[in-house]
Amino acid sequence: MIMKGKKGVILGVANNKSIAYGIAKACAEQGAEIAFTYLNDSLKKRVVPIAEEFGSSNFVYPCDVSNPDEIKALKESLEKDMGQIDFIVHSIAFAPKDGLTGRFYDIPKASFDIAMDVSVYSLIEVVRELKPIMSENASVLTLTYYGGAKYIPNYNLMGVAKAALEMTTKYLAEDLGKDGIRVNAISAGPIKTLAAAGIGEFRFMLKWNEAHAPLKKNVTTTEVGNSGMYLLSDLSSAVTGEIHYVDCGYNIMGMPATTFDENGKQKIAWNGDN
Ligand code: 0WD
């Protein structure tokens, strides 16, 4: 039981398809005690049964990260109910629709500000507010995507937010290292979740990744969950500031691999059909 005796909070479970759900499952299976947050009342209905599944019905709290008072209230509740915590999972992102469609240079400033606030600044704010109740050797994990490192069609504003999130991970890791706290990010391959539904042509992205990733498949929330559990556990005690790809190897590809047809002639593998 790798996580036995560890307590933590997971922000960003929307339903049982969420990446955060996969992380919660892996941590609970290894003995962790987990608190959950929900964004609003309609998501509360989904999160409460999930908390029950993991024996956490007494540890479910509201937290819209765009509201600083809710983050402060979360700290008070966690302190009262759990005392110290050993890990935080930040699995939250949001961009208004006009940041994920159309011409990149048309992105309105108001949408830019919302995406940066909810998807990036919230990591800094959550860590700062919860720091007084974080144990020595605590671990923080956030979720990013390859669209923050390279151009991905339609990812637009979220790509810029993920780039900022990845650097935030590194600067936080340096700053909190002196307190013994580690901060890492997982860059997950595409997974069909609620958040993913907002990205245009997502089904094509899934097909493309499956066809071109070295492992020739798409990653699952269980697989991201297992890697997340490792980064939250003491197994990764010397790992911080890392952007860890859990994407079936897709990110190493500079160009789609070529294949050979039945006559030994080289052809370019450009979609899921070949
Ligand atoms: O392909 C994917 N699904 C990938 C997702 C690949 C790589 C990374 N990610 C990232 C996402 O960008 C996000 O940071 O993983 C994280 C989790 O996303 P998810 O599991 O794919 O999506 P989902 O199950 O929808 O969880 C994200 C949740 C929100 O769900 P909705 O669908 O309601 O937007 O983030 C939460 C909310 O529960 N959220 C907030 N929580 C608190 N305060 C807020 C907010 N203001 N806004 C969104």
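Please read all numbers here as calculations on a predicted model, not as lab measurements. One-based numbering, in listed order, for ligands and for the atoms of each. Counting begins at 1 with the first residue of the sequence.
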Under 4.0 Å between a Lys/Arg side-chain N and an Asp/Glu carboxylate O for Lys109 and Asp113? yes

Sorted by chain and residue number, the side-chain contact (heavy atoms from CB on, under 4.5 Å) partners of Asp234 (sequence neighbours excluded) come out as Lys6

Once the angle between the rings of Phe54 and Tyr21 is folded into 0 to 90°, is it parallel (under 30°), tilted (30 to 60°) or perpendicular (over 60°)? tilted

When you pair each N or O of ligand 1 with protein N or O atoms, which pairs come out under 3.5 Å?
residue, atom, partner, partner atom, Å
ligand 1, 1 (O), Ile191, N, 2.8
ligand 1, 1 (O), Ile191, O, 3.2
ligand 1, 3 (N), Ile191, O, 2.9
ligand 1, 3 (N), Thr193, OG1, 3.2
ligand 1, 12 (O), Lys162, NZ, 2.9
ligand 1, 14 (O), Ile92, O, 3.3
ligand 1, 14 (O), Lys162, NZ, 2.9
ligand 1, 20 (O), Ile19, N, 2.8
ligand 1, 21 (O), Thr193, OG1, 2.5
ligand 1, 22 (O), Thr193, OG1, 3.3
ligand 1, 24 (O), Ser18, OG, 2.6
ligand 1, 25 (O), Ala195, N, 2.9
ligand 1, 26 (O), Gly12, O, 3.4
ligand 1, 43 (N), Val65, N, 2.9
ligand 1, 46 (N), Asp64, OD1, 2.9

Pairs in or reaching into residues 176-200: which pass salt bridge (Lys or Arg N to Asp or Glu O under 4.0 Å), with residues at least two apart or in two chains? Lys131-Asp179, Asp175-Lys178

Under the ring-ring contact (aromatic ring centres under 6.0 Å, His included) rule, collect the residues that match up with Tyr145, sequence neighbours excluded. Tyr155

Checking side-chain polar atoms at under 3.5 Å, does Asn154 have a donor or acceptor matched by the opposite partner on Glu201? yes

